[in-house]
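Comments concern the structure below.
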Amino acid sequence: MKLKKLFLFVSAALLIVTASACKKQEDASGTAAIKRAGVLKVGVKADVPGFGLFNTSTNQYEGLEIEIAKLLAKEILVDSGKVRFEPVTAKTRGPLLDNGELDMIIATFTITDERKLTYNFSTPYYTDAVGMLVKKSSGISRLADLNGKMIGVAQSATSKEAIDAAAKAIGVTLQFAEFSTYPEIKAALDSGRVDVFSVDKSILNGYLDSESVILPDEFSPQPYGVTTKLSNKALADYVDGLIQEWLGDGTIPALIEQFNL
Ligand code: GLU
């Protein structure tokens with residue numbers, strides 16, 4: 001009888017140890033909350049061709065960042081369809097990650113030393129550069145033409161610092177007008193309120209039309225990383241491992257080619 005009790009006690013103890021080991025293993029990838037929810041919530045751009053673009057004729061998101069999100073959903077939830085896309089801007093993406101509405105951001109989010117203090121970033125999956133969109137009729141053809149000109153930039157973006165540093169380096173002084181969204185900057189360019197719309201070239205592509213041109217000058221490399229909460233280091237490491245794997249095995253390079261980036 002005593003032996004039977006001892007056996008039961010040992011079995012129960014073993015069960016608890018195994019269960020907590022399993023839980024630890026699940027937590028090791030930081031994906032427990034996503035698995036519980038059964039869906040991966042990802043902040044993406046809706047207006048960046050080839051990266052994150054909402055196609056109004058198919059009602060679907062498309063681009064490199066969309067495909068990366070689907071690949072991550074396949075790894076975490078065994079189904080590339082279990083992903084919910086949420087359109088974000090440079091201004092809204094950080095707060096949406098902070099308040100837990102989103103699990104990650106894959107939205108032309110440039111990795112900077114300053115931002116690394118607030119968020120976790122994966123290894124870059126793509127590196128862009130800051131550029132300039134001007135009206136063809138402006139006669140502006142390079143950065144050196146911009147002395148005293150008004151530059152439209154987005155709040156919370158890296159653009160202002162990048163173009164200002166590049167201009168200062170060649171003795172050019174700029175003026176700035178800051179906006180919360182890109183459509184507002186494009187409207188300001190069209191109305192003549194600003195002379196230049198400056199942000200990453202990939203983003204400018206979404207606003208290019210027959211009246212405007214993206215200048216060849218570019219500055220300040222913009223490495224894009226998958227962004228996750230600073231508190232979930234396990235998730236960041238897990239995502240980074242996958243991004244590195246997909247860079248190495250050709251998966252991401254093939255997508256970059258597929259979207260002509
Ligand atoms: N990529 C730049 C940034 O992260 C431009 C802003 C944006 O991504 O919308 O600041």
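For ligands, and for the atoms within them, numbers begin at 1 and follow the listed sequence.
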- Counting heavy atoms not belonging to K74, are there more than 12 under 6.0 Å from its NZ? no
- Task: Return yes if a side-chain donor-acceptor contact under 3.5 Å exists between S202 and Y224, otherwise no.
- Result: yes
- Considering the heavy atoms of D200, write down every atom of ligand 1 situated less than 4.0 Å from one of them. 1 (N), 2 (C), 5 (C)
- Task: Check each atom of ligand 1 against the heavy atoms of T108 and keep those under 4.0 Å away; list them by number with element.
- Result: 1 (N), 2 (C), 4 (O), 7 (C), 8 (O), 9 (O)
- Could you list which atoms of ligand 1 come closer than 4.0 Å to a heavy atom of I203? 7 (C), 8 (O), 9 (O)
- Within a distance under 4.0 Å of any heavy atom of Y182, pick out the atoms of ligand 1 and give their elements. 6 (C), 7 (C), 9 (O)
- Query: Could an N or O of ligand 1 be found under 3.5 Å from any N or O of R93, whether backbone or side chain?
  - Reply: yes
- Near K45 (heavy-atom distance under 4.0 Å), the atoms of ligand 1 are 7 (C), 8 (O), 9 (O)
- Message: Please tell me whether Q60 and N55 have a donor and an acceptor in their side chains that are separated by less than 3.5 angstrom.
- Response: no
- Message: For E65 and Y125: C-alpha separation, side-chain torsions, deciding distance, then whether side-chain hydrogen bond (donor to acceptor under 3.5 Å, both in side chains) applies.
- Response: CA-CA 9 Å; E65 293 173 332; Y125 51 83; 2.6 Å; yes
- Task: Kindly say whether K201 contributes a backbone atom to a donor-acceptor pair with the side chain of D128 at under 3.5 angstrom?
- Result: yes
- Going by distance alone, is a donor N or O of one side chain under 3.5 Å from an acceptor N or O of the other, for T31 and S29? yes
- Are any of the N or O atoms of R115 closer than 3.5 Å to those of ligand 1? yes
- Query: Short list, please: which atoms of ligand 1 are under 4.0 Å from a heavy atom of Y224?
  - Reply: 1 (N)
